[in-house]
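Computed from heavy atoms alone, side chains included, the values below leave out hydrogens, waters and symmetry copies. Letters go in sequence order (proteins before strands), and every chain restarts at 1. Remember, predicted model here, so these are calculated numbers, not experimental data.
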2 protein chains.
Amino acid sequence: MGREPMTQVVARHLRDAIQSGELEPGARVGQESVATELGVSRIPVREALRQLESEGLVVIVPNSGAKVAVLDFEECAEIYKMRERLEPLAFAESVGRLTDEQKDDITRLRLELEAQTGHAQAYLEGDRRFHLACYAGVATPRMLKMIVDFWNTTQRYRRILIGTFSDEDYDLNNFEHRLIAEAALNGWGRRGEDLIRMHIERSRFRLSHHQDLFNR
Amino acid sequence: MGREPMTQVVARHLRDAIQSGELEPGARVGQESVATELGVSRIPVREALRQLESEGLVVIVPNSGAKVAVLDFEECAEIYKMRERLEPLAFAESVGRLTDEQKDDITRLRLELEAQTGHAQAYLEGDRRFHLACYAGVATPRMLKMIVDFWNTTQRYRRILIGTFSDEDYDLNNFEHRLIAEAALNGWGRRGEDLIRMHIERSRFRLSHHQDLFNR
DNA sequence: TCGCTCAAGATTGGATCCAATATGGCCAAG
DNA sequence: CTTGGCCATATTGGATCCAATCTTGAGCGA
């Protein structure tokens, strides 16, 4: 059994750094600095950066370097619109193939998430886990990867947005999750599609109400 | 003005080779052979392969090598289902921002395409150009790239499928294109969405009728 | 004949080195 | 004071070389 390629290690490291906010959008990501920090040569760093670029996390300018991707409001909204189309499909494909364990996961994650109400950071992580659990039945990894990439590229901005949540915002979110979970557990594909679309759509509307968060 | 990075040159070369059918699905893509063929070192080849992997054109197995991606029927159908969701969105976002030149392109490409009726290879190319022209108004490149990647990964399989077209299949296709073009030229977003979804859906149905083409 | 072991060859992964390009500061001209 | 051009420096892009891993096929034994 072979060791894991350094490229993957570097990619994961940078991915985490970007999503945790350690590397802010627009921040320069120098090959040399990353290489020395992780004790590897620049080669795996370069390949990792290409991978992250394809995931939408960084932007590479030839002969200039890589920077953490910056999303303006329009781009962010566009991603939400794509999610509104793709995630209902993922739900429909997932429902019906969910094992009992996976259904239990959905319920468990939903309850854990509700328990984190008000704690922005933990809620963010839990929210992600819950939604992805709903798509656990998707057979082809391609669609799942696209969705995960969407979540990753917007994670940084959802964190900002969730800071503006009122108690009622949390409640509404939790309630929508309960409806979605119900649909998943009962195999209601079509109903789940609508719920998920509306769920994401509401997030997008909220996003457009806080458009100012993108200016700076 | 700087020269274009070798990585991009290699990537384009391999992309063309894969789409033209020169490299068949499952074919091994050795770094060394590509490098010597193009007169470059293996470094840009490796980076190009990573890029193509992110586009879904090749599959890289660590320490083993890269192979042209093979799609089974399920994966191919899944991509079509995603297209059925995303391309209507792209149409809706594009329509309304189309310039007069872009509208002329749509008409011109549609007529050129009809003139190629019966010529599988040329029809394939024209079909692609026509559809992409309908999305020319999309502002954010991210969605467009995803759609192009979908077309690229399935190009090889559409070629097989188009070989089974009867005269009536061509006619139906051309007629649907006329309806789509009409919607684009008149800015009928919602109508265009439905037409495109049904257009792709019909292709997917045809695909499932020729499922045997995937067995070998 | 079939399956297993193991070593030689081939191929990929990574490090180091050199060339090409962009960045940033400095100086001079307007 | 601003702006344009120029050169030193830092950083990326690519080539070459070495190490690690996988693949292949011959040999052996059941």
Assess, by modelled atom type and distance only, whether the side chains of [X] and [Y] contain a donor and an acceptor separated by less than 3.5 Å.
| X | Y | result |
| --- | --- | --- |
| E55(B) | N152(B) | no |
| Q31(B) | R46(B) | no |
| E47(B) | Q51(B) | no |
| E87(A) | W151(A) | yes |
| E125(B) | Q121(B) | yes |
| D104(B) | T107(B) | no |

Which angle, to the nearest 10 degrees, lies between the helix axes at the two ends of the helix from dT1(C)-dA30(D) to dG30(C)-dC1(D), each defined by five pairs?
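Nearest ten degrees gives 30° for this helix.
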For nucleotides 11-17 of chain D, give me one character per nucleotide, 5' to 3': B if any protein heavy atom sits under 4.0 Å from the base, S if the only such contacts are to the sugar-phosphate, - if neither.
SBBBBB-
Can you give each donor-acceptor pair under 3.5 Å made by side-chain atoms of residues 68-76 of chain B, sequence neighbours left out, with the distance rounded to 0.1 Å?
unit_1 : atom_1 : unit_2 : atom_2 : d
D72(B) : OD1    : E74(B) : N      : 3.2
D72(B) : OD1    : E75(B) : N      : 2.8
E75(B) : OE1    : D72(B) : N      : 3.1

